[in-house]
Amino acid sequence: MKIAYFHVFGKPPIEESVYRMLGASFPEFDVQSITLIPLLRRRPLVILGNFFAMIREYGLGSLKNYNSFKQAFLSTPYLFQKISELCRDAIVANKEHYVFSFQLQSLFDCSVPGIPNYVYTDHTHLLNHAYQGFSVRFKSERWLALEKKIYANATGIFTRSENVSQSLERDYECAPEKIECVYVGMNTPGPVGATAGISNNSKSILFIGSDWARKGGDILIQAFSQVLESHPDATLTIVGARPQVSVPNCRVLGRVPLEQIDKHYSRASLFCLPTLQEPFGVVLLEAMAHGLPVIATSIGAVPEVVTADTGILVPPHNVDALTAALNELLADPDRARKLGARGQRLVITRYNWTTVGAAIRHAILDDSEAPPAASASA
């Protein structure tokens with residue numbers, strides 16, 4: 001008996017984390033990982049057809065740069081329908097061997113008639129309207145109608161935050177009993193426990209994020225320039241992105257291997273993510289697991305993670321507020337350590353894959369007409 005696990009790209013660490021979580025939570029079944037983009041690459045005519053569908057849906061502006069092309073290419077009704085067909089083709093021949101399917105994120109509808117399908121997502125598209133300056137350019141009304149079908153066809157929907165659960169009820173008219181917030185775990189092993197935590201009095205600020213503009217990188221640089229006036233010995237390390245900056249005491253590392261991320265957390269004294277758009281922000285959990293206090297923006301699901309007990313929230317786009325928060329924690333290392341310790345406890349109790357997997361297993365076994373364990377032994 002199998003579980004069909006649908007995910008899009010195959011590279012993001014979250015996709016591997018969810019695969020391991022499913023395997024650990026449902027050990028009696030074989031988890032079959034099905035990556036959608038490689039399936040699509042085997043269909044060159046579909047790719048060509050979607051290129052023309054993208055131009056027709058969003059215009060030549062979708063070719064402006066890689067990011068706009070990627071967003072537009074993945075957001076056509078044509079591709080949405082073709083991906084659904086690919087999902088059916090991937091498992092329909094042996095449909096009787098599948099207990100259920102499980103899809104990560106809600107870009108496509110991976111449901112197959114006759115097989116329960118569960119969606120695990122950190123966003124809905126309509127939540128993006130709450131972000132200042134957000135453009136809905138590459139999500140047409142026709143695509144939004146298809147997004148609603150994802151949730152309508154799902155047997156159950158698991159979310160990473162209450163923010164997303166509320167959007168599903170409010171914006172998509174999903175029944176509350178169909179939705180369960182199970183949270184999320186980390187993508188790095190991270191030292192979680194008594195040995196983790198700030199072990200020095202350095203003034204080392206850490207930023208991790210690949211999308212520099214969306215994560216508020218420019219805001220952070222402006223704030224850090226002001227911080228140096230009060231704390232000339234403060235440092236800023238930028239991991240993931242590779243912006244051109246000319247600020248003293250700033251190291252830009254760009255992308256680093258996942259297995260090296262932990263050492264950067266361990267060397268920092270506080271973590272800062274002044275993000276402008278954020279479905280969740282798993283890096284916040286990783287920082288908290290290392291005992292770091294967190295400074296972040298009060299948007300999306302971030303306030304569910306970063307509270308007055310674990311860090312400081314500031315309004316997005318507000319350089320002065322961010323500067324004040326950074327100065328506040330850099331000047332008070334004892335408070336910073338206490339915030340970090342509380343954040344670490346929160347990660348241990350709530351934000352770990354064992355807890356997430358147990359909640360998902362309980363919901364699926366209870367919701368199934370025939371419990372999977374009984375099917376496996378039949």
Side-chain angles (χ1 to χ4, degrees), residues 67-68 71 121-139 159-167 170-171 183-184 205-230 234 236-245 247 250 252 268 270-288 292-330 336 339-340 343 346 351:
N67 283 334
S68 62
Q71 291 180 41
T121 187
D122 67 351
H123 77 285
T124 69
H125 180 71
L126 292 179
L127 265 178
N128 292 323
H129 290 262
Y131 299 130
Q132 179 181 338
F134 178 78
S135 171
V136 294
R137 184 178 179 186
F138 298 122
K139 288 289 190 296
T159 69
R160 299 189 208 174
S161 69
E162 294 291 353
N163 186 48
V164 175
S165 296
Q166 292 164 12
S167 175
R170 179 185 64 244
D171 303 324
Y183 303 108
V184 68
I205 303 165
L206 176 64
F207 168 96
I208 296 181
S210 58
D211 192 337
W212 179 249
R214 182 170 69 85
K215 300 290 185 177
D218 293 331
I219 307 295
L220 175 56
I221 290 297
Q222 295 177 56
F224 182 66
S225 299
Q226 297 181 29
V227 165
L228 288 175
E229 298 175 8
S230 302
L236 171 63
T237 301
I238 298 169
V239 176
R242 193 177 284 279
Q244 297 295 319
V245 299
V247 183
C250 181
V252 178
L270 69 88
F271 184 80
C272 185
L273 188 76
T275 181
L276 307 179
Q277 294 175 221
E278 195 62 56
F280 187 86
V282 173
V283 289
L284 299 173
L285 303 182
E286 295 171 358
M288 291 162 63
L292 296 181
V294 172
I295 297 174
T297 39
S298 53
I299 61 169
V302 174
E304 296 180 39
V305 181
V306 182
T307 67
D309 288 331
T310 62
I312 299 177
L313 289 174
V314 298
H317 302 276
N318 194 319
V319 175
D320 291 339
L322 182 59
T323 301
L326 288 167
N327 280 332
E328 186 177 334
L329 289 190
L330 289 173
L339 292 173
L346 180 63
Y351 294 106

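- Of the possible donor and acceptor atoms, none in the side chain of Glu162 sits under 3.5 Å from a partner among the backbone N and O of Glu304.
- Leu127 has its side chain out of reach of Gln277: every pair of non-hydrogen atoms, C-beta onward, lies at least 4.5 Å apart.
- By the 4.5 Å heavy-atom criterion applied to side chains, Ser298 and Pro316 are counted as neighbours.
- Among residues at least two apart or in separate chains, salt bridge (charged side-chain N to carboxylate O under 4.0 Å, His left out) pairs with a member in residues 207-217 are Asp211-Arg214, Lys215-Glu278.
- The CG atom of Leu228 lies 9.5 Å from the CG atom of Asn327; values are rounded to the nearest 0.5 Å.
- With rounding to the nearest 0.5 angstrom, the CD1 atom of Ile221 is 4.0 Å from the CH2 atom of Trp212.
- For the side chain to side chain contact (heavy atoms under 4.5 Å, CB included) test with Leu220, the passing option among Ile238, Val245, Leu326 is Leu326; the others fail.
- When all heavy atoms are compared, the tightest approach of Ala241 to Val252 is O-CG1, 3.8 Å.
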Check: Can you list the steps and then say if Phe207 with Thr237 is a side chain to side chain contact (heavy atoms under 4.5 Å, CB included)?
Finding: CA-CA 6 Å; Phe207 168 96; Thr237 301; over 6 Å; no
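- Closest approach of Ala268 and Leu206 over heavy atoms only: CB-CB, 3.7 Å.
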Next item on the list: Run the numbers on Leu284 and Val306 for side chain to side chain contact (heavy atoms under 4.5 Å, CB included), then give the verdict.
Entry: CA-CA 8 Å; Leu284 299 173; Val306 182; 4.2 Å; yes
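- For the ring-ring contact (aromatic ring centres under 6.0 Å, His included) test, no residue two or more places apart in sequence or in another chain qualifies with Phe224.
- We find the NZ-CG distance between Lys139 and Leu126 to be 11.0 Å, quoted to the nearest 0.5 Å.
- In plain terms, the two heavy atoms of Ala301 and Pro279 that are nearest each other are CB-O, 3.7 Å.
- Listed by chain and number, the residues in a side chain to side chain contact (heavy atoms under 4.5 Å, CB included) with Thr307 are Asp309, Thr310 (sequence neighbours excluded).
- For the pair Arg160 and Val282, the minimum side-chain heavy-atom distance is below 4.5 Å.
- Take Thr124 and apply the side-chain hydrogen bond (donor to acceptor under 3.5 Å, both in side chains) test, not counting sequence neighbours, and it matches Ser167.
- Contact check for Leu236 versus Val247: no side-chain heavy atoms found under the 4.5 Å cut-off.
- Distance check: Leu292 CG to Leu339 CG gives 11.0 Å after rounding to the nearest 0.5 Å.
- Counting only residues at least two apart or on different chains, the salt bridge (charged side-chain N to carboxylate O under 4.0 Å, His left out) pairs with a member in residues 312-329 are Glu328-Arg335.
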Item checked: Test side chain to side chain contact (heavy atoms under 4.5 Å, CB included) applied to Phe280 and Val164, step by step -> CA-CA 9 Å; Phe280 187 86; Val164 175; over 6 Å; no
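- Using a 4.5 Å cut-off on side-chain heavy atoms (C-beta onward), Leu322 and Cys272 make contact.
- Every residue meeting the side-chain hydrogen bond (donor to acceptor under 3.5 Å, both in side chains) condition with Thr159, not counting sequence neighbours, appears here in chain and number order: Ser165.
- With Asn128 contributing its side chain and His125 its backbone, the two residues share a donor-acceptor pair below 3.5 Å.
- In this structure, Asp122 and Val184 have side chains that are not in contact, with every pair of non-hydrogen atoms separated by 4.5 Å or more.
- Of all heavy-atom pairs between Asn163 and Gly300, the closest is ND2-C, 3.4 Å.
- Between the side chain of Thr297 and the backbone N or O of Thr275 there is at least one donor-acceptor pair closer than 3.5 Å.
- Here Ile295 contributes atom CD1 and Thr323 contributes atom OG1; the two are 10.0 Å apart, rounded to the nearest 0.5 Å.
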